[in-house]
Amino acid sequence: MFSQRISIRAMFLTICVLGFVPAALAQDEAVSPAMFTVNNTWMLVATFLVFIMHLGFACLEAGLTQAKNTVNILFKNTTIIAIGLLTYAICGFNLMYPGDFNGFIGFAGMWLDPGAEGQTSAYAGGAYTYYTDFLFQAMFAATAATIVSGAVAERVKLKSFLVFSTIYVGLIYPIAGSWKWGGGFLDGKGFYDFAGSTLVHSVGGWAALACVILLGSRVGKYSDDRVNAIEGHSMPLATIGVFLLWLGWYGFNGGSVLSADPNLVSLVFVTTSIAAAAGIIGAMFTTWTVQKKPDLSMVLNGALAGLVGITAGADTVSPASAVIIGLIAGILVVFSVRTFDKLRIDDPVGAISVHLVCGIWGTLAVGIFSTNPEHSFIIQALGVCCYGGFCFVAAFLVFGLIKITMGVRVTEEEELTGLDIEEHGMESYGGFQIFATQ
Amino acid sequence: MFSQRISIRAMFLTICVLGFVPAALAQDEAVSPAMFTVNNTWMLVATFLVFIMHLGFACLEAGLTQAKNTVNILFKNTTIIAIGLLTYAICGFNLMYPGDFNGFIGFAGMWLDPGAEGQTSAYAGGAYTYYTDFLFQAMFAATAATIVSGAVAERVKLKSFLVFSTIYVGLIYPIAGSWKWGGGFLDGKGFYDFAGSTLVHSVGGWAALACVILLGSRVGKYSDDRVNAIEGHSMPLATIGVFLLWLGWYGFNGGSVLSADPNLVSLVFVTTSIAAAAGIIGAMFTTWTVQKKPDLSMVLNGALAGLVGITAGADTVSPASAVIIGLIAGILVVFSVRTFDKLRIDDPVGAISVHLVCGIWGTLAVGIFSTNPEHSFIIQALGVCCYGGFCFVAAFLVFGLIKITMGVRVTEEEELTGLDIEEHGMESYGGFQIFATQ
Amino acid sequence: MFSQRISIRAMFLTICVLGFVPAALAQDEAVSPAMFTVNNTWMLVATFLVFIMHLGFACLEAGLTQAKNTVNILFKNTTIIAIGLLTYAICGFNLMYPGDFNGFIGFAGMWLDPGAEGQTSAYAGGAYTYYTDFLFQAMFAATAATIVSGAVAERVKLKSFLVFSTIYVGLIYPIAGSWKWGGGFLDGKGFYDFAGSTLVHSVGGWAALACVILLGSRVGKYSDDRVNAIEGHSMPLATIGVFLLWLGWYGFNGGSVLSADPNLVSLVFVTTSIAAAAGIIGAMFTTWTVQKKPDLSMVLNGALAGLVGITAGADTVSPASAVIIGLIAGILVVFSVRTFDKLRIDDPVGAISVHLVCGIWGTLAVGIFSTNPEHSFIIQALGVCCYGGFCFVAAFLVFGLIKITMGVRVTEEEELTGLDIEEHGMESYGGFQIFATQ
Amino acid sequence: MKLVVAYIQPGKLNRVKRVLAENKITKMSITNALGCGQQMGFTETYRGVPREVNLLKKVRIEIAVNNEFVKPAVAAITEGAKTGAIGDGKIFVIDLGECIRIRTEEVGEAAIG
Amino acid sequence: MKLVVAYIQPGKLNRVKRVLAENKITKMSITNALGCGQQMGFTETYRGVPREVNLLKKVRIEIAVNNEFVKPAVAAITEGAKTGAIGDGKIFVIDLGECIRIRTEEVGEAAIG
Amino acid sequence: MKLVVAYIQPGKLNRVKRVLAENKITKMSITNALGCGQQMGFTETYRGVPREVNLLKKVRIEIAVNNEFVKPAVAAITEGAKTGAIGDGKIFVIDLGECIRIRTEEVGEAAIG
Ligand SMILES: Nc1ncnc2c1ncn2[C@@H]1O[C@H](COP(=O)(O)OP(=O)(O)O)[C@@H](O)[C@H]1O
Ligand SMILES: Nc1ncnc2c1ncn2[C@@H]1O[C@H](COP(=O)(O)OP(=O)(O)O)[C@@H](O)[C@H]1O
Ligand SMILES: Nc1ncnc2c1ncn2[C@@H]1O[C@H](COP(=O)(O)OP(=O)(O)O)[C@@H](O)[C@H]1O
């Protein structure tokens, strides 16, 4: 009963508003203090695991881009988490979980307020406290903007990006989230997204796509007749990033059980691990076959692809299905990266392929592999479309407006010199001889 | 009731000595085995989180200094944790928690001894076992020396530093700690320091200040009329360091609740996160305004500043107060770094600004923002002064004595060549072309 | 009662087969749901900690080898975890825990099957679920191959290594494991290996030794009359690796308690920490004395040596014994590295010294320091021999067969150019000027 | 025989190489260098301290050519590297006494190409 | 015109640049180099194995000057880099045949400064 | 006096140094360089995109010698670096006008060794 992310908080707010306890919640066996404590402890562990994903993103994005833009990327990833936490406290949380609302948009008021019972086991049937709930969700919020950060790297204006992130994380992400996890209209329709293949990853991915289209490709990436490789500057950094993301995913998915339920959490750990492993194997064989030599950066993307793919159904598919979901995600990501390059959509770290493409795949996969007969492919597809339409358009408008007003792109000269010196006046690797003719 | 760090162990030892159980502890409802287990498990999770802070310090300090001294810094940080753990086992723990004592200094004997009941729920009312208690506290101990390590980097003699650290961690830190957490005289006065803004961070910061004064600045840092920048060699390493420190802080503060109490631990997680976020924002705006360009290393310091600032009151201030505490800390740290440079106190990584200045700010902030009416600004200030006086003088004497006997500084030639080759006979980045004219 | 790794699962399978519940398991006080949840939660925390060890290995091995082979090492470590998880799901788990079997080899069938009660507290007396059990063990499995990866680095053919790893992790590791943890013949004899000094580390170490002998040394490592140093390319990476390994060890050893028992888990945390610290101190003094200058890479190996050493007896020795075990391991590792170099056994990262030599030491140390009178030095030595014989021969045969059929070594030209360009067609540090004349 | 040494902006290397190739000059050696010239550099700030950087990244190209190729080489480099802005770079031409191809031990003009 | 090539200790670069500037020589190109000279190097130990390092870090300065500036340039470098200890470095002077400023296509003496 | 400049394969540096030492040439300066020659380079793939790398890693050796040492130096470098395969490298010999030892301010032939 804890498996649906929305129920508890939505119910709780409803209760507060309506002033009575629905029978469903007057559970026969009350949760013991110890159970409340272990549930809440697990949710806090999951919270710090999701936190570390932000370091994972920072490392991965920095590693797959050039050394001359590293300070810039690290700066963005450090400030995004701050922006994410604060905007989510100010308005995001109450936009995403507005309690009883029209199903499209609602708002439960500014800032945090645990109320009288928020910090007791009454808040969520002994699963977690109000503050735990807030923080766990807040850690997710910043992720969406971080996904964009990788795709627009090496050419976006810092200020414009920060403004965009603030709006996207503070308003658009939580409104979109409310449709499902807040108990909105898609939740009513039976759409399922366990931990956010769509609600987090695709939401970030659609924005990434919109922004990249508005921004254009990096200087020198595409010449008249061909695609040029712009190499990332540190594979160890990229690898550290992916392992940290994988680690964080245990909290991302494991925490989305919204309690420490041994059965569900352990199942989720296994499906998550196995999908990541299968993603690696899928990407490895694909890149080895297609590119002749096995490409580490693709295999790293493969692990993430598997993880994004399993996220929507981690608690409702069997480990065997997780293998298939992960394998396909791993294969998909390699072809997707190549396809976007052919379309001249320049995404330095493969964020759109990993988060958008595999996020869609994962969401649809629930309709195929779920052990819960109520899940339907059609409804899953509907959800994908609703989110795609809203997020892409919203991101396009916001970023487009910023483009008109503040501009979104650094000058060509700034881009060639590197954002580190131009935007931050400092270098990332003081003293190191770096040979860059790009 | 677990919120005061000292009470339980102090009481327990008192009980052992007095031989009877005070009424206060004969709790009506005994803690269930499951509750004992979850409390203890959380404390162990907090312990490994604090452990990882040592990697955070190693990365941050290495990243903000030159490539030619990296092996040296890593070596110091690796051995300090070993020295910290062993000295704390030998004498530190029993100096810091001497049981019933005169309030200034006491000693419960050498080495560890859980006794008959130490490993049962009787030890701390079901909150944790004796060994958990020891290890959690031991992980804190080494932190103080690590703070010094950053401030004296790039010029201190390795051996002298190791001797100093051993004494500081083994004797001075625990004696100072006993005044409050051990149930000493400052605890009696009502001084409050939840997780160690003063007891850990300022204690380290004062020593850093004393050592830097005795040691002098790095060659070339200050010329007659101006301050010269000596750039750190790896911003990714510094960023990894800060994120790991932040991660560890969830254990540092969250574990200082000394139980898995859902209400308090989740509140502490939220205030900690929000203060860090506000610290980033505060530092970002300050550096952007003052230096014209946003400085990543300052923003990283800002996150730490917010964390150090919230540490003293993480469980007694509201999330809204945490924003203010963090913001001010983030602004403070930028100006503090500049001021110390004007005073020609050369602190390569900003350790004094982060740990001492913001540690003081955080301790005083409890007097301003605490929701507990018993906390008083005057008493907090008194605590700051007591610690400042004792630690500064103690560190000055110890390091001064080492200066006279062993010397504390490498020769200018060794400094120019780099400590890696001179002290360790090896290089940190074999094969990399590093251009250093410093 | 949870301290012996084998008992529960072995019993459970026996029960399934025999169809009745032995009296021993019909515990008087049934485990409460909260206790089941906290036990399982801890085991999952331990699982993600062991997971992060794979990042630790990747960083350590990359850091101690040359920049031109970094992509290759990262690639191996990323794929090994995938191979490990999948083969363990396919057959490893059921080979290692075959239930009631002849004590030498047994197989409980392909793939995972929790059965009706696997996900309830009935599975392991409320300690963990079936999926938790599987995943925790699966994370261990890949470790054995990762140990080999470091020893054969910089010259092994990628494909051959992947084939070898698959066989070693999928078949040999679990068969060897079944002898003790699966309830096999060595378990019957009273052999003790708490968390795997022998079952994991030596099993990996023997394979490393066999492979290195078959593979030969790197070009230029040994010339007619002398040993040449081939420097690692990044000490920060190596240090990050060791700290992450240490962190993971809290799960490796702490999780091997197989429940969240406060007494045992906290004892294990303390012995583990103290042995690592003592290993650092032991290695530091040895390298300082023998090599005149303190060698960071040796001190890092010292920490690991202490950790490997304590692993066999972490729950049955006192903290004071842990100091001795760690110290000796730290001293041993330094001399061992030198000795293998004299024997011209070329192990770039010291894997054989750390995992095999200290693994043996740790296993024998149980016979010396255990507080459990049933543990015997003779039996421990017998265990070491059985594992040594089996694993060395098995690895030698498998790798020898691969050598004959596919070849195991890259050409000299490929080795000189570096595996990154030759095997992967990419570079690890795009743009960095790396000066390598090796 | 002459040795042509040119310092150019790093970002212009690919264009210079292309123009050189069009002029049948395909052999060259490249090093990264730091240059101090009319271009003034820029000011970084590191931790609140301004830091003047007046050593800018340049690429050094070294090409050994037979005499008849000096003009085309200089012209090609100029064409590829010139933007008209300060910092475009400089070309130096030095007399080359001898040239030996290690592989064949050929010497003189035959060894250059 | 001459090309002055100097190898100096890395730590002396700033001083050399200062003295050169005092002599109105502000244009130069710098590369990092490894030098083998009378200075013997040192012995590192890596994992118990001694390792002789006899390629020491040096900075290579290349300055194109008109003839009347050769003496001042050499004197300035010497002043800035000299400590009297082994390893101070060396200066080489080579005839420079031609010099071209890419930006303006000026040639010869006018292009140098 | 001559300045001998050689580009060789990085892996051959140690052998070249050894042969040079046998010929009593122990002073030299080394830089890492990228070379474009007959050796065609190789194709990397990065994220599915092929990438032609035709700047290969080389080591640049610069040795100032007195005239009687030119032949031995060239012979020694050739001996140490030659494998007969494309990419072995090249040697350039330039007239050296002057040489100054900074430490002693000696000039000319005395300063070289
Ligand atoms: N006299 C010189 N000696 C050595 N290198 C020079 C000299 N003049 C210019 N350079 C090199 O050429 C680069 C470009 O020179 P710059 O003066 O900025 O160009 P411009 O002459 O177009 O103003 C410098 O950064 C430096 O590397
Ligand atoms: N003959 C030479 N050819 C090339 N470089 C040289 C030569 N002699 C010296 N150098 C360069 O000058 C640096 C300093 O030379 P060194 O012999 O140590 O100085 P000194 O002559 O004062 O003893 C060397 O490291 C090397 O880079
Ligand atoms: N004309 C030249 N000018 C400058 N450098 C050259 C020239 N010819 C060769 N080189 C250098 O020598 C290296 C080896 O040259 P290559 O043509 O591959 O050898 P080979 O002549 O034996 O075929 C090149 O990579 C380049 O660095």
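The sequence lines fix the lettering, A, B, ..., with proteins before strands; numbering per chain opens at 1. Note that the coordinates shown come from a computational prediction; the quantities given were computed from them, not determined experimentally.
In terms of non-hydrogen atom pairs under 4.5 Å with chain B, the most contact-rich of Glu422(A), Met35(A), Met43(A) is Glu422(A). Between chain A and the residues Thr287(B), Val270(B), Asp295(B), the most heavy-atom pairs under 4.5 angstrom are made by Val270(B). When Phe134(A), Trp111(A), Phe75(A) are compared by the number of non-hydrogen pairs under 4.5 Å with chain B, Phe75(A) comes out ahead. The candidate with the highest count of non-hydrogen atom pairs below 4.5 Å against chain B, out of Thr132(A), Val38(A), Thr70(A), Leu135(A), is Leu135(A). For the options Tyr250(B), Trp42(B), Trp246(B), heavy-atom pairs under 4.5 Å to chain A are most numerous at Trp246(B). Chain A forms more heavy-atom pairs under 4.5 Å with one residue of Gly63(B), Gly326(B), Pro319(B) than with any other, namely Pro319(B). Between chain A and the options Gln433(B), Gln291(B), Met284(B), the largest number of non-hydrogen pairs under 4.5 Å is found for Gln433(B). In terms of non-hydrogen atom pairs under 4.5 Å with chain A, the most contact-rich of Ser32(B), Ser234(B), Ala283(B), Pro294(B) is Pro294(B).
The shortest side-chain heavy-atom distance between Val45(B) and Val45(A) falls under the 4.5 Å cut-off. With a 4.5 Å cut-off on side-chain heavy atoms, Pro262(B) and Gln119(A) do not count as touching. For the pair Ile281(B) and Ile83(A), the minimum side-chain heavy-atom distance is below 4.5 Å. With contacts defined as side-chain heavy-atom distances shorter than 4.5 Å, the pair Leu86(A)/Ile274(B) qualifies. Put simply, the side chain of Ile240(B) reaches to within 4.5 Å of the side chain of Leu237(A), judged on heavy atoms. Within the 4.5 Å cutoff, side-chain heavy atoms of Ile81(A) are placed close to those of Phe243(B). Taking 4.5 Å as the limit, every side-chain heavy atom of Phe269(B) sits out of range of all side-chain heavy atoms of Thr129(A).
In terms of heavy atoms, Asn40(A) sits closest to Ser266(B) at ND2-CB, 4.4 Å. Contact detail for Thr78(A) and Ile280(B): the closest heavy-atom pair is O-CD1, 3.5 Å. The minimum heavy-atom distance between Leu296(B) and Met426(A), with the atom names listed, is N-SD, 3.8 Å. For Glu427(A) against Met235(B), the heavy-atom pair with the smallest separation is O-CG, 3.9 Å. Closest heavy-atom contact between Ser273(B) and Met139(A): OG-CE, 4.1 Å. In terms of heavy-atom proximity, Pro236(B) sits nearest to Tyr429(A) at CG-OH, 3.2 Å.
Both the backbone and the side chain of Leu74(A) come within less than 4.5 Å of a heavy atom of chain B. If you measure heavy-atom distances from Thr41(A) to chain B, the contacts under 4.5 Å come from the side chain alone. Residue contact with chain A, scored on non-hydrogen atoms closer than 4.5 Å, involves the side chain of Trp288(B) exclusively. For chain B, the nearby parts of Leu55(A) are the backbone and the side chain; heavy atoms of each come within less than 4.5 Å. For Leu162(A), the part lying under 4.5 angstrom from a heavy atom of chain B is the side chain only. For a residue to count as touching a neighbouring chain, one of its non-hydrogen atoms must lie under 4.5 Å from one of that chain's; by this rule Val242(B) does not touch chain A. For Asn77(A), the part lying under 4.5 angstrom from a heavy atom of chain B is the backbone only. The contact between Thr37(A) and chain B is made by backbone and side chain atoms together, counting heavy-atom distances below 4.5 Å.
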>> Apply side chain to side chain contact (heavy atoms under 4.5 Å, CB included) to residues Asn263(B) and Thr120(A) and explain how you reach the verdict.
In response: CA-CA 7 Å; Asn263(B) 170 23; Thr120(A) 70; over 6 Å; no

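Counting non-hydrogen atoms of neighbouring residues, nucleotides and ligands closer than 6.0 angstrom, the NZ atom of Lys293(B) exceeds 12 such neighbours. For Phe285(B), the CZ atom is loosely surrounded, since the number of other residues' heavy atoms within 6.0 Å does not exceed 12.
If you look at Phe432(B) and Phe432(A), their ring centroids are closer than 6.0 Å.
Leu267(B) contributes atom CG, which lies 12.0 Å from atom OH of Tyr130(A) (distance to the nearest 0.5 angstrom).
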